[in-house]
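Here is the structure we will look at, set down as structure tokens.
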Amino acid sequence: ISYICNAGTKRVKSTDSKGGRTVKARLQFMDNLIAEFGDEVGWKRVLEFAKASKAFDHKDGGVRDAAKSAVVTLMAIHGEEVL
């Protein structure tokens, strides 16, 4: 699981992150992994990826929603520690 998490959260090219499809797809994938495997997914890495790709401030609402969903799922598992 850690290998998949590392691959899913590696840096996205700036040209890909502007459109948002790649970032949104990765965040949705990570959200599904978190929901399925819980503690086995490194939550710090997922948050770092969301911040680095500026997902919370992205112009595409779908990217923002995917980031929020991933954080909500992480909080359901890890609690306030995520914030």
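Quantities reported herein were computed from a predicted structural model and do not represent experimental measurements.
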Are the side chains of Phe49 and Val12 in touch, meaning some heavy atoms are under 4.5 Å apart? yes
Can you tell me how far CG of Leu33 sits from CD of Gln28, rounded to the nearest 0.5 angstrom? 12.5 Å
Please report the interatomic distance CD(Glu80) to CG(Leu83), rounded to the nearest 0.5 Å. 5.5 Å
Is any side-chain heavy atom of Thr73 closer than 4.5 Å to a side-chain heavy atom of Met30? no
Could you give the distance from NZ (Lys24) to CZ (Arg21), rounded to the nearest 0.5 Å? 10.0 Å
Below 4.5 Å, heavy atoms only, C-beta onward: do Asn32 and Glu36 meet side chain to side chain? no
At their closest point, which heavy atom of Asp31 faces which heavy atom of Ser69, and how far apart are they? OD2-OG, 2.6 Å
Backbone N/O of Ala52 and side chain of Arg11: donor-acceptor pair under 3.5 Å: no
Answer whether the closest heavy-atom distance between the side chains of Val23 and His58 falls below 4.5 Å. no
For side chain to side chain contact (heavy atoms under 4.5 Å, CB included), just list the numbers for Lys10 and Asn6, CA-CA rounded to whole Å, side-chain angles, deciding distance to a tenth of an Å, and then say yes or no. CA-CA 6 Å; Lys10 73 178 184 179; Asn6 288 340; over 6 Å; no
Side-chain heavy atoms under 4.5 angstrom apart, residues restricted to Ile, Leu, Val, Met, Phe, Trp, Tyr: same cluster for Ile77 and Phe29? yes
Ignoring hydrogens and geometry, is there a side-chain-to-backbone donor-acceptor pair from Thr9 to Cys5 under 3.5 Å? yes
Can you tell if the side chain of Ile34 reaches within under 4.5 Å of the side chain of Trp43, non-hydrogen atoms only? no
Between OG of Ser53 and CG of Leu27, what distance do you get to the nearest 0.5 Å? 5.5 Å
Using atom types as modelled and distance alone, determine if a side-chain donor or acceptor of Arg64 lies under 3.5 Å from a backbone N or O of Phe56. no
Cluster question for you: counting only ILVMFWY and a side-chain heavy-atom cut-off of under 4.5 Å, with indirect links fine, are Val41 and Met75 together? yes
Rounded distance [0.5 Å steps], CG in Asp65 versus CG in Asp60: 8.5 Å
